[in-house]
Visitor: 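Below are the C-alpha cells for one structure; questions will follow.
Just so it is clear, the values below take in all heavy atoms, side chains as well, and ignore hydrogens, waters and symmetry mates. Sequence lines set the chain letters: A, B, ... in the order given, protein chains first and strands last, and positions in each chain run from 1.
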2 protein chains.
Amino acid sequence: MTEIRQPTPRRGTNLPRMGDFNLTVILDAIRRSSGGLSRVELAQIVGLSPQTISNISRRLLDQQLIVEAGKEGSGPGKPRTILRLNPSGMYALGVHLDPAVITTVVLDLVGDVVKHSRIPTPGGCNPQHVIAAIAEEIKALVEDSGVDTGKIAGLGVAAPGPIDLDQGTVVDPPLMTGWDRVNLRDALADATGFETLVDKDVTSAAVAETWAGGPSGTGSFIFMYMGTGIGCGIVLNDEVVRGTSGNAGEIGHIIVDPDGPECDCGLRGCVKSSCIPQVLVAEAEEQGVLNGGAKGTEGPEVQEGFARLCDAADAGDERAIAIIDKSAVLVARAVAVVTNTLDVERVVFGGPFWGRLSERYLDRVPALLAANSAANSIHGIEVVGTGVGEDVGAIGAACLVLEHTLAPRAQRLLLEG
Amino acid sequence: MTEIRQPTPRRGTNLPRMGDFNLTVILDAIRRSSGGLSRVELAQIVGLSPQTISNISRRLLDQQLIVEAGKEGSGPGKPRTILRLNPSGMYALGVHLDPAVITTVVLDLVGDVVKHSRIPTPGGCNPQHVIAAIAEEIKALVEDSGVDTGKIAGLGVAAPGPIDLDQGTVVDPPLMTGWDRVNLRDALADATGFETLVDKDVTSAAVAETWAGGPSGTGSFIFMYMGTGIGCGIVLNDEVVRGTSGNAGEIGHIIVDPDGPECDCGLRGCVKSSCIPQVLVAEAEEQGVLNGGAKGTEGPEVQEGFARLCDAADAGDERAIAIIDKSAVLVARAVAVVTNTLDVERVVFGGPFWGRLSERYLDRVPALLAANSAANSIHGIEVVGTGVGEDVGAIGAACLVLEHTLAPRAQRLLLEG
DNA sequence: CTGGCGGATCTCAGTCACGGAATTCCCCTA
DNA sequence: TAGGGGAATTCCGTGACTGAGATCCGCCAG
C-alpha cells in the first residue's frame, strides 16, 4: 500500500480541438469503408451536417490525405462524389525489434507495405550496435522506397516488453541481455531525425489490426500474439488499452493446465510454461516426433523445430497433432480468462507462429471458448485470424504513428498540460 | 468464427456537446478536490481560460450544482471565491439486488448517503414480487428522505451478473431461479417513474469508488468485489470498462490453485471453487474450526459461518488463520492475472465480506502481488481497501446515475445515432 | 484613515466550427 | 431539350472559447 499518486486531472476541450477531432473522425470513416464514401454518406455516418462534411473534406483534400475518386450515380440526381484515402498522402516507418530479427517497413496511409526489409539482430545484442543498425536500415529503406521524406509522419518501434512507455525505454526484456532501461525512443529519434514512438510488440500488433485489419479491427477485441512468447494486445471500443506503463497484455502466467509443468513463478501450468512454441517443440523432441534436424530450444532452432512439428502434424502424425491440439485447448483457456475479464466481442490471432497453427486453432478454439465464456448466452465471441500477416509487429509499429497522428482518439480532444 | 458485426461508426462532435462536456469536466474537478476550488485554480487545472470558467461556473450556479462557499485570500489582491459542490443540488437512488437482501439508498451529489434501507429479498425470488417490493421500498424511502422528487436524477440498479446491458435485463444469475432475461430496467422505470439504469454489481462498486471513493477512485484500477462470489470492476483512465454486454469482470474461473478442488468447469482450483466465502466456510467446517452454530453453505448461513471463521482467526485459531491467509494468497494470484493483463496502478478491495478480511489481506496481498507483477520494476501497484463501506453495491448503483449524468465521459461528446 | 497595489473576476468584442436554408450543380428521364 | 431529383456548396446565424481591458476587492504602507 503505497501513497496514492497525484491524479492527472481531466482537462477541457475547445473549438480547434473539436475541429481536428471531427477531421480524424471523417478520415476514420473513409478509411474503414471498403470502397470510399460520398459526402452525404459521411454526414449520415458521423452525424455531422453536410456542410460541415464539405468543409472538412476540403481540408482533407488540401492536405492530400484523401482524393476524389470518381462518381457514383444510379438514379436521377447529381451523382455522389466518392472520397477515398490517398495512399501516398502520408507514410510511416515501422521497426519490429526482436531478439533474433529486425523487421523494418515503410507503410502508406492505407496500411499497405511499400517497402520492407529483414535483417538478423546484430550479434551480442549490444544496444548501441543494434540502434545504429536500425538507423542505417531505415535510412536505406527510405531512400530505396523513394518516398518524400516530408510525407513521413514518424517512426514506430515495436519492442518486446516490459517497457516504460513514459520514458520510451525497454526494460530488461527476456532474451535481450544488456537492454535494461535503454531509451530506444530518444536514441532512434536522434539517429534518424524522425519523431519516434515506442510500444510493446503485442500492442503494436493490436494497433495494426485496428488500422489495417479491416472489420476485424473494430470495436472491442483482443489480439493474441503468438510469438516466441504469447501475449495479447487489447482494444476496447476502438481504443487501444496500454495500461499505466504500457505493459498491458502480459498473460504469460495465467494458469491453463493444473497438471502442467512447473513454471519459474513457482506454480504449474502457466501459459509460458505449457503452450509457447519452445515448450511444444521440447515436448515433441522428447516424444521423438522430430527426427533429425537441429535440436535445441534457442532462437532459430525453435522456429525450425516448430516448423517440423507442424509438418509432422500436417502429415498425419498423431502425436504431433495431439501436441498442437492440446496447445489449442490451453490457449483457449487463457483467452477465456481474458475475454471473461473484458467481455470483448472478438479474438484475433496473429504473430509469427500463427500461420502454421491457424487451421487447427480456428477449428478448435471457437467451441472451446464458447464453452468457457461467461457471457455466452448473451453474445458469442468471434474468433478470427489476422489478415495482416507475419510482419504484424513491424506493420503495427508503423501503425502506431498513423494511429497517433490520425485516429479519432478521445485523448485528442483534451487540452494538454 | 461467426460473421463480423457491423461496426458502430465513431461519430463526430459539435459545439453544444463541447460545452456540456466542459461543464462536466469542471464539475468533476470541483468534485475531486478536497475543499473546493476557485475559478483561477479551475482554469489552471482544466486548461480552459478564466472567462470560460466564469461562464461555466455561472451555469453550474444557476443549476444549483455548485455553491460559492466563502473566500480565500492570503496576500494582497482580491481573494479567491471558493466553489464547492452543492450536496443537495442533485440526488440519485440506488438499489442493490442481491439473492438474499435488497439494499436501497438515496445519495446526494457529493456521494453521501441521505437515507438507506435494507430488506430481505422476498421469498421465492419471484421477479414480479421482487420488483414490486423494490418499487414500494423506493417510494417509501423517497418520501422519508424528504428530498424534492424533481432533484432526483434517476434510479440505478446493481444486479448480479450475467446481465444484458443493452436490454437492461438480468440473465439467469446463480442463486436466483426464475430470473432469466427479466427486464429490470423497464419494469422499474415503469413502476417508479424514474429513469433507470441497470448494471452489474461489481461494475457499480467500481463506479462508487470513482464517485465517492476519493483519490483511490482515480486513474486506472480494479475493484475486487468480495461478495457471495468474487468479481471485479474495471476502471481505466477514469472511465469504467463495461464490455460488450456489460459483463466485464468475470474472474470466477481464473485458476489460482493447481492443487485446488475440482470446479464445475471441469478444471481445478478456480477462484469460485477455492476462495469464495462459501468455500472457506465449508473448509472450516470440515476442519472443525466452527463449533456450534448453524451449518450450511446457503445464503445467510454462509455469512454467519464466515463471521465465526473470522472470529476464530481473530481469537488466534491457527487453522482459521491458515484458511484466511491461504485465501489471500489465492486471491492475490487472481488479482495478479488481471493487473498483469491490464497494467493498472491500483487494486481496491471492497464488498460485503471485505470488512472482516481487510486487515489480513492488506497485510499479505501487496507483497504477493508485487512478487507476481510483470511491471513491478517499472511501477508498484497500490493495494487499498475501499472507503465506501459495506453498501458499495447500492451506493454504486446510485452512482451509476450520477456518473451517467455528470461524469466527463468521452462518450458524452459524441453525436448520437 | 486613505490611496496604491495586486490579484481575481467580469465585460466586451473577436474568432471559428457547426447548423439551417437556399442555391447551384449535375446527371437521368421523358 | 426541358424537367426533376439528389448532391454539394454558399451564405448567414448561433454559440462556445479566447484575448484585452475594465472592474472589484482586500491588504498594506503612509
Side-chain angles (χ1 to χ4, degrees), chain A residues 11-27 29-30 36-62 66-83 408 412-416, chain B residues 11-27 29-30 36-62 66-83 408 412-416:
Chain A
R11 320 212 79 214
T13 185
N14 61 14
L15 224 44
R17 279 182 187 265
M18 187 175 84
D20 287 351
F21 177 80
N22 281 343
L23 184 134
T24 64
V25 168
I26 289 178
L27 194 67
I30 295 175
L37 290 169
S38 67
R39 289 173 176 79
V40 251
E41 288 169 315
L42 278 168
Q44 221 260 317
I45 291 174
V46 306
L48 294 166
S49 66
Q51 310 79 298
T52 303
I53 303 290
S54 233
N55 294 336
I56 295 181
S57 306
R58 192 172 307 123
R59 281 173 65 193
L60 285 168
L61 286 165
D62 287 349
I66 61 172
V67 287
E68 297 197 333
K71 318 216 157 197
E72 183 189 67
S74 48
K78 175 171 174 175
R80 303 171 166 189
T81 316
I82 302 299
L83 301 173
R412 183 183 304 283
L413 277 159
L414 274 34
L415 264 22
E416 269 142 32
Chain B
R11 321 212 78 213
T13 185
N14 62 14
L15 225 43
R17 279 182 188 264
M18 186 175 86
D20 288 351
F21 177 81
N22 280 344
L23 184 135
T24 63
V25 168
I26 290 178
L27 194 66
I30 295 175
L37 290 170
S38 67
R39 291 172 175 79
V40 252
E41 287 169 315
L42 279 168
Q44 220 261 317
I45 291 173
V46 306
L48 293 166
S49 67
Q51 308 80 305
T52 303
I53 303 291
S54 234
N55 294 337
I56 295 180
S57 306
R58 193 171 307 124
R59 281 174 65 193
L60 285 168
L61 286 166
D62 287 348
I66 61 173
V67 287
E68 296 197 333
K71 319 217 157 197
E72 182 190 67
S74 48
K78 177 172 173 175
R80 304 171 167 188
T81 316
I82 301 299
L83 302 173
R412 182 184 305 284
L413 277 160
L414 274 33
L415 264 23
E416 269 143 32

Visitor: Should A:Leu83 and A:Ser38 count as side-chain neighbours, where that means a heavy-atom distance under 4.5 Å?
Guide: no
Visitor: Within the pair A:Asn22 and C:dA17, is there a side-chain N or O less than 4.0 Å away from OP1 or OP2?
Guide: no
Visitor: Round to a whole Å and report the spacing from CD1 of A:Ile82 to C1' of D:dA8.
Guide: 13 Å
Visitor: I need the CG-P distance between A:Asp20 and C:dA17, as an integer number of Å.
Guide: 8 Å
Visitor: What nucleotide, of D:dA8, D:dT18, C:dT9, holds the atom closest to the side chain of A:Thr81?
Guide: D:dA8
Visitor: Looking only at side-chain atoms of A:Leu15, point me to the closest of D:dA8, D:dA16, C:dT9.
Guide: D:dA16
Visitor: May I ask you to test the A:Arg39-A:Gln44 pair for a side-chain heavy-atom distance under 4.5 Å?
Guide: no
Visitor: Of B:Val46, B:Leu27, B:Leu48, which meets side chain to side chain contact (heavy atoms under 4.5 Å, CB included) against B:Asn22?
Guide: B:Leu48
Visitor: Does C:dA17 have its OP1 or OP2 closer than 4.0 Å to a side-chain nitrogen or oxygen of A:Arg58?
Guide: no
Visitor: With respect to the side chain of B:Ser38, which nucleotide from C:dG20, C:dT9, C:dC25 is positioned closest?
Guide: C:dT9
Visitor: What integer distance in Å separates B:Leu42:CG from D:dC17:C1'?
Guide: 16 Å
Visitor: Between C:dC25, D:dC25, D:dC17, spot the one nearest the side chain of B:Met18, thanks.
Guide: D:dC17
Visitor: Starting at CD of B:Gln51 and ending at P of D:dA20, how long is that distance when rounded to a whole Å?
Guide: 10 Å
Visitor: Between A:Arg80 and B:Arg59, name the one whose nearest nucleotide on DNA chain D is closer to the 5' end.
Guide: A:Arg80
Visitor: In whole angstrom, what separates A:Phe21's CZ from C:dC16's P?
Guide: 22 Å
Visitor: Go nucleotide by nucleotide along DNA chain C from the 5' end; which of A:Pro79 and B:Glu41 gets its closest nucleotide reached first?
Guide: B:Glu41
Visitor: Return no unless some side-chain N or O of B:Asn55 is found under 4.0 Å from OP1 or OP2 of D:dA16.
Guide: no
Visitor: Under 4.0 Å from OP1 or OP2 of D:dT18: is there any side-chain N or O of B:Thr52 that close?
Guide: yes
Visitor: Measure from CD1 on A:Ile53 to C1' on C:dA17 and round the result to the nearest Å.
Guide: 13 Å
Visitor: Side-chain contact test, heavy atoms from C-beta onward, threshold under 4.5 Å: evaluate it for B:Arg80 versus B:Lys71 and give yes or no.
Guide: no
Visitor: Could you check which of C:dT9, C:dC25, D:dG26 has an atom nearest any side-chain atom of A:Lys78?
Guide: C:dC25
Visitor: Side chain of A:Arg39 only, heavy atoms from C-beta on: which candidate in D:dC17, C:dG19, D:dA8 is closest?
Guide: D:dA8
Visitor: Would you say that A:Leu15 contacts B:Leu15 through its side chain, given a criterion of any heavy-atom pair below 4.5 Å between the two side chains?
Guide: yes
Visitor: Could you state the NZ-P distance from B:Lys71 to D:dC25, rounded to the nearest angstrom?
Guide: 7 Å
